[in-house]
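Have a look at the structure below, then the notes.
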Amino acid sequence: MTNRVFPPGFTFGVATSSYQIEGAHDEGGRGPSIWDVFCRQPGKVIRGENGDVACDHYHRWPEDIGLLRALNVSAYRFSIAWPRILPTGFETQPNAAGLDWYDRFVDALLAAGITPWATLYHWDLPQPLQEMGGWPDRRIVDHFVRYADIVSKRLGDRVGHWITHNEPWCAAILGYQSGEHAPGHQDWPEALAAAHHILLSHGRAVPVIRANSPGAKVGITLNLTPGYPASGSAADRDATRHFDGFFNRWFLDPCYGRPYPADMVADYQRLGRLPTGEIPFEKPGDIEAMGAETDFLGINYYSRAILRSDTLPEADNAPRLIPEPPPVARTDMGWEIYPEGLRDLLLRVSRDYPVKDLVITENGAAWPEGPDAEGRVRDDRRRAYLHAHLGACLDAIASGAPLSGYFGWSLMDNFEWAYGYDKRFGLVHVDYETQRRTLKDSALWYAEVARAGALLGIAG
Ligand code: FCB
């Protein structure tokens, strides 16, 4: 049995993002983001919900810092809303009220003994920059670097942990290919160009942030999903290779200075997603820039994928070795609960890439529990989920993965993108009518884990 104690100095945190919690969409000089616009288009978000108010964190942040203290976390990962800093994206002078807000917030975190981890882009692009062309347009790279420069100049003396981007796969693929996220486009060439410019803007911003924030740790957060073939058939193994290329390697490889994976370039060309010949959006020097050396890799892990060929008829394929997970093995998102995937992923990334330091920047589960008659939120399934995944972290550490921190998603229930307020990922329950916050049982348990630096049991 592996040691159930985390290494000394292991970071226990929780995470959120600006659009999902802040609200105050038209206060403090904030301009509209692509999510404000997307939410107003019929049929994009459940019941037409939006982040106008969300958790009203913009006003209630002192109380929310109190929640962080109650959770005993040593770190808090939040994101900065680009349209609070540059309301249209094009201003030459930043919006003072926006910078001031984050300035005060960072000071208050530090005063509470909590280390700020700031994400620069968690999907709320200023709408006018989308109208310019958004992430598929190469000019966005300079806009992002300028924004990163402004923010890191102002906060860089106090923020020592920076994440350039959250989940480029989601921003590019959900935003520009499947259309499930803002801006809701459905166009493969746009999506691949968007991914390229996101990664390039990351690489270009890294040295700028370092210059403004001496000694800071700078990284990027990728959402990685390990794929497992449903059977040993060649067709299922090939589907797994393709999935891994699409989801993981297309983003990991350039972050480590490697060209786009050749098998995926060939697949995309065959599928008409890229023209044959040169990759149209890639310019000389891009790969080197994208591979700017980072201090850590942030990983968001929620589930695994089981791959079954969709080209081979079922009757001709080998029998499944991994069955489809039943509903009880899934969260309210329908995502399979598979903690072993987190261990496998951490070990795989540390084996295949020259990572110095890994941090789980998100992990968590949605279930709908709310307060009972006594006001207690008995979310045993979430507590079990966190317990199992923290255990997987310990297993990976014991096998040599350089994992130094874990952030639970999320501090509190919040606006879950296209799912609106339906999906509750919080360790803290939010009553959206009253904005009342209640620590769930999982939060009380996590607070003890963070205090002890050890994986406590979940009995009782
Ligand atoms: C991740 C996002 C985060 C939240 C969780 C559930 O993809 O980064 O904002 O939506 O999923």
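Counting starts at 1 for both ligands and their atoms, following the listed order. Only a predicted model underlies this, so the values are computations on that prediction, with no experimental measurement involved.
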Looking only at heavy atoms, which two atoms of Leu342 and Cys393 are closest? And how far apart?
CD2-SG, 3.8 Å
Contacting atoms of ligand 1, where contact means under 4.0 angstrom from a heavy atom of Phe425:
6 (C)
Do Trp123 and ligand 1 have an N or O pair less than 3.5 Å apart?
no
Taking the six-membered ring where the residue is Trp, are the ring centres of Tyr260 and Trp250 under 6.0 Å apart?
yes
Is it true that Arg304 and Glu340 make a salt bridge, defined as a side-chain N closer than 4.0 Å to a carboxylate O?
no
Asn166 versus ligand 1: do any nitrogen or oxygen atoms come within less than 3.5 Å of each other?
yes
At what distance is the nearest protein heavy atom to atom 2 (C) of ligand 1, and which residue and atom is it?
Glu362 OE1, 3.3 Å
Protein residue, atom and distance nearest to atom 5 (C) of ligand 1, heavy-atom basis:
Tyr302 OH, 3.3 Å
Under 4.0 Å, heavy-atom basis, I'd like to know which part of Asn223 is in contact with ligand 1: side chain, backbone, both or neither.
neither
Pull out every atom of ligand 1 sitting under 4.0 Å from any heavy atom of Gln20, numbered as shown with elements.
3 (C), 4 (C), 9 (O), 10 (O)
Quick one: sort the Tyr19 and Trp417 rings into parallel, tilted or perpendicular, breaks at 30° and 60°.
parallel
Is it the case that over 12 heavy atoms from other parts of the model lie below 6.0 angstrom from the CZ atom of Arg436?
no
I would like to know whether Leu411 and Trp409 meet side-chain contact (heavy atoms from CB on, under 4.5 Å); could you show each step before the answer?
CA-CA 6 Å; Leu411 165 62; Trp409 183 271; over 6 Å; no
Which bit of Met333 is near ligand 1, meaning a heavy atom under 4.0 Å away: side chain, backbone, both or neither?
neither
Is the number of heavy atoms from other residues, nucleotides or ligands under 6.0 Å of Lys217 NZ greater than 12?
no
Check ligand 1 against Trp417 and write out every atom of the ligand that is under 4.0 Å from a heavy-atom position of the residue.
3 (C), 4 (C), 9 (O), 10 (O)
Test item, His122 contacting ligand 1 (heavy atom, 4.0 angstrom)
yes
For Glu293, I'd like to know if atom CD has over 12 heavy atoms of other residues, nucleotides or ligands within 6.0 Å.
no
Please state which protein non-hydrogen atom is closest to atom 7 (O) of ligand 1 and give its distance, to 0.1 Å?
Glu167 OE1, 2.5 Å
Is ligand 1 under 4.0 Å from a heavy atom in the side chain of Glu416, in the backbone, in both, or in neither?
side chain
Would you check the N or O atoms of Trp335, main chain and side chain alike, for any that come under 3.5 Å of an N or O of ligand 1?
no
Side chains of Tyr302 and Asn223: do they bring a donor and an acceptor to under 3.5 Å?
no
